[in-house]
Amino acid sequence: MKKRLLSLVLLAVLPLCPGAQEKEVKGDSVRIERIDSTDFPRIRAFAAVEDPRGEPNLSLVKGNFTVKVDTHDPVESLELAPFKMLEEPVHYVFFLSASGLMDGRPLTAQKSALLDFAANLREGDTLSACMVGETAGELFSYAGPLDIPEEAVQGITVSENQPKIFDTLVSGVRKVEKDRGEEKIGVRDRVVFVLISDGRDNENRYTLEQTGQILSDSGIPLYAVGLKTLSETSLSVLDELAVLTGGSYYYTPKADMIAGQLEKAVQQILMSYVISFKVKGVKGDDSYHQLMIQISEKDITSQSFRNFLARKSPFPRWLKIVLLALAVLLLAALILLVIFSRIRLRKRLGIGKRRCPDCKRRMRDDWEFCPFCRYLEPKKNKKNSKEESA
Amino acid sequence: MFFRGKFCREGHLMDPSWDVCPVCITPVVGWLIYSENSRTRNVYPLREGKNLLGQGTDCDVRIRRDSVKRHHAVLTARPDGVMIHDAGAGGRILVNRTEAAREIIDGDLITLGSVEFKFKCIY
């Protein structure tokens, strides 16, 4: 009985001990946001590292990272750079919710958050804005920091359209892909979706998994800001979707906090690490492979996994150049060979530089006359022959 | 064609720039007739002017016999007479079975190497 009592007391007291509390404190966590395998076997992975408070950690160095592809040995030669230092532009696509529940303060807060966000865009960054509806209703697209149409933003009113988050996001992806095809944005340019929503949606054609897969395949992470309206139950969808795409989710109990959460999201986007490396031992087979990024700091490790497509390149660039050079050399050699063989042939036939002064044909040196002029009938002009026949 | 040269239908080697064969357009003035057991086997036309006889692809009259040299003899046919002489390769030439380079007339027997031909001429 005493033993039981003692063990119960110990169980109650242990969590309060300082040592036990330290163990519960989590370290930094890593999240792979996007993998660019366009130039496979060269890969660029965008990884965000957050401290336990959700703030980005930019103090890590190359030694803190371990990268593995499938079950191979860790990649040895990594190039690590914070995204902000690369000064590459980001194209943001904003999705605003204007359903009936968003009427009033939530909608106003979204508008002002969007305008604040636009005002803080870096040089070169672009912004598109869409409304969540049955598809992505476009407000404006590819606007720079100085050309945001403020009137269009202020003119947003509550919509009667059913909010279909998944369908809207998928139509947004399709538009980005179309724009990539039309070269409005580069294939390798970084595109980020930012969604502000209460998580409520109706009768989507696409499921959560399908939407996550489509976004993930196109390399677009979703940063979702979940705004509590009536209840929090529908917000979990946004969290799941953000995780599936490599993005992040930010909960906002009050509309006034949207701007602050957006700022956090932007920090996460800009403060991510860009890890470049060359994959060895994995062939480009047009199938998915797993990338693991692990960070180790102060005996605490965190891992993140994400799949990428090992694109099959029919001809590597160097091979194309070599083949082209070989073709040019071969062509030049062929031309030279033809020239030399003709010179040899003419020498054998006894043909020098002599030509018939009348028909300009090449003549043998031992010919006393031109056989072509002597034995061939002279060509008649059409006009002359007509005149003669008349 | 690029490396072997251009040939006409009769098998004469041509310069690639020629559209017609200069040998084939020259009028025929005689023939060399090869017979075996009193049967005509081959008839080689002879053209006005110089005719290079031999096995070579560049010959005007190509005679493919072992004893015939690549450039064996030159037969010159002119209205004032037909002459045959050595082409410089040292090939054996007999006219009516005697070894001499000279003028030939219709009906003469010409021996090139060990092959005997009958010469027919329209002059």
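Just so it is clear, the structure is predicted and the values come from calculations on it, not from any experiment. Just the heavy atoms: all of them, side chains too, but no hydrogens, waters or symmetry mates, feed the values below. Naming: A, B, ... by sequence-line order, numbering from 1 per chain.
- A:Glu123 CD: 12 or fewer foreign heavy atoms inside a 6.0 Å radius.
- The environment of CZ in B:Arg64 is sparse: at most 12 heavy-atom neighbours from other residues, nucleotides or ligands sit within 6.0 Å.
- When each of B:Asp58, B:Thr26, B:Leu52, B:Val23 is scored by its heavy-atom pairs under 4.5 Å with chain A, the top score falls to B:Thr26.
- Atom CD of B:Glu36 has more than 12 neighbouring heavy atoms from other residues, nucleotides or ligands inside a 6.0 Å radius.
- A salt bridge links A:Arg361 to B:Asp19: one of the charged nitrogens lies within less than 4.0 Å of a carboxylate oxygen.
- For A:Phe340, the CZ atom is loosely surrounded, since the number of other residues' heavy atoms within 6.0 Å does not exceed 12.
- Taking the side chain as every heavy atom from C-beta outward, A:Ile351 and B:Trp18 approach each other to under 4.5 Å.
- You'll find the side chain of A:Arg374 reaches within 4.5 Å of the side chain of B:Glu48, heavy atoms only.
- Counting non-hydrogen atoms of neighbouring residues, nucleotides and ligands closer than 6.0 angstrom, the NZ atom of A:Lys175 exceeds 12 such neighbours.
- Heavy atoms from other residues, nucleotides or ligands lying under 6.0 Å from CG of A:Asp365 number more than 12.
- When the shell of 6.0 Å around CD1 of B:Ile105 is examined, it contains 12 or fewer heavy atoms from other residues, nucleotides or ligands.
- Note: A:Glu368 leads A:Arg344, A:Glu368, A:Arg364 in heavy-atom pairs under 4.5 Å with chain B.
- Of all the heavy atoms in A:Tyr375 and B:Ile25, the pair that sits closest is CB-O, 3.3 Å.
- Listed here is the closest heavy atom pair of A:Leu345 and B:Pro16: CD2-CD, 3.7 Å.
- Nearest approach of A:Arg362 to B:Asp15, heavy atoms of both residues: CD-OD2, 3.6 Å.
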B:Ser17/A:Arg346 under side-chain contact (heavy atoms from CB on, under 4.5 Å): CA gap, chis, key distance, verdict
CA-CA 11 Å; B:Ser17 65; A:Arg346 282 179 179 144; 4.2 Å; yes
